[in-house]
Undergrad: 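Sending over a structure as structure tokens; questions will come in a sec.
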Amino acid sequence: PRVLVGDLEGGYDPSRVKVSANGEVAVITSDGALQVWNLEEGRLAFPPLALPGCSEQMAVSVSVAASLLATSCDSSEITLYSLTTGQRDGILTRDDTVIINRLVFSHDGSTLIVQLRDQQIEIWDMLSRAQTTDSIRIPTGLATDIAVSLGGEMLAVALNDGTTRLYNLRAVSELAQHSLFPQPDG
């Protein structure tokens, strides 16, 4: 049976929640604010971060392995925060102004995957904090979600047409296309 272990009450109306791969950290976003919770201790890791101008569409990803939190607030910039202190740890500046939809760290924190609203996916090396020369253009459909495998080698992209595309991040080549929800003929 599933058991409720507790409530996280921080005084904000939550709109999104992300939990780290190891289950130690939860990030809760609301309009203009971000909370980072230490789940082992059941408390805020540091005071909530005020992010003026952010909407409910804020993109967020957390990497406990790299001790980083990545956010993008309706813009083309990615702001990094330390999970230890809550202080800004850097800004990743992109070359264009296309707004970011989703951010996903690899499990080891060495790579950040950035899904853009124009259906392009960028790959960032977090050691150098630079975008790799590789990017992926989604040829059809609208990406609804992205996920990285535990080993960091595979990227799955769910599309609104029922297709899931798999990419080998090491080679950045499409490996397979598999329709999980076939569309009816007609």
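Only a predicted model underlies this, so the values are computations on that prediction, with no experimental measurement involved. When a residue number appears, it is its place in the shown sequence, counting from 1.
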Undergrad: CG/L49 to OG1/T71 distance, rounded to the nearest 0.5 angstrom?
TA: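 That separation rounds to 8.5 Å.
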
Undergrad: Between CG of L155 and CG of L166, what distance do you get to the nearest 0.5 Å?
TA: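 Answer for the CG-CG pair, L155 versus L166, is 8.5 Å.
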
Undergrad: Among L116, T163, V157, exactly one meets side chain to side chain contact (heavy atoms under 4.5 Å, CB included) together with I138. Which residue is that?
TA: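 Testing I138 for a side chain to side chain contact (heavy atoms under 4.5 Å, CB included) against L116, T163, V157 leaves exactly one candidate, V157.
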
Undergrad: Between R94 and E122, does any side-chain N to carboxylate O distance fall below 4.0 Å?
TA: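 E122 and R94: salt-bridged.
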
Undergrad: Check whether any side-chain heavy atom of Q35 lies under 4.5 Å from a side-chain heavy atom of V27, and answer yes or no.
TA: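 No, their side chains stay 4.5 Å or more apart.
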
Undergrad: Hey, what do you get for CD1 (I121) to CZ (R165), rounding to the nearest 0.5 Å?
TA: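 It is 10.5 Å, given to the nearest 0.5 Å.
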
Undergrad: Does the side chain of T79 reach to within under 4.5 Å of the side chain of R88, using non-hydrogen atoms?
TA: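 In short, these two side chains touch, coming nearer than 4.5 Å.
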
Undergrad: Do V19 and L44 belong together in a cluster built from hydrophobic side chains that touch within less than 4.5 Å?
TA: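 Yes, same cluster.
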
Undergrad: For a quick test of reading the model, state the closest non-hydrogen atom pair linking I100 to E77 and the distance between them.
TA: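 Heavy atoms of I100 and E77 come nearest at CD1-O, 4.0 Å.
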
Undergrad: With heavy-atom distances below 4.5 Å as the criterion, would you say the side chains of Q120 and I136 are in contact?
TA: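 Not touching, per the 4.5 Å side-chain cut-off.
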
Undergrad: With the side chain counted from C-beta on, respond yes when L69 and L80 share a heavy-atom pair under 4.5 Å apart, and no when they do not.
TA: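 A side-chain contact is absent here, since even the closest heavy-atom pair is not under 4.5 Å.
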
Undergrad: Of all heavy-atom pairs between S61 and V104, which one has the smallest distance, and what is that distance?
TA: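 Distance-wise, the nearest heavy atoms are OG-CA, 3.4 Å.
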
Undergrad: Nearest 0.5 Å please: distance from the OG atom of S82 over to the CZ atom of F46.
TA: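 It is 7.0 Å, given to the nearest 0.5 Å.
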
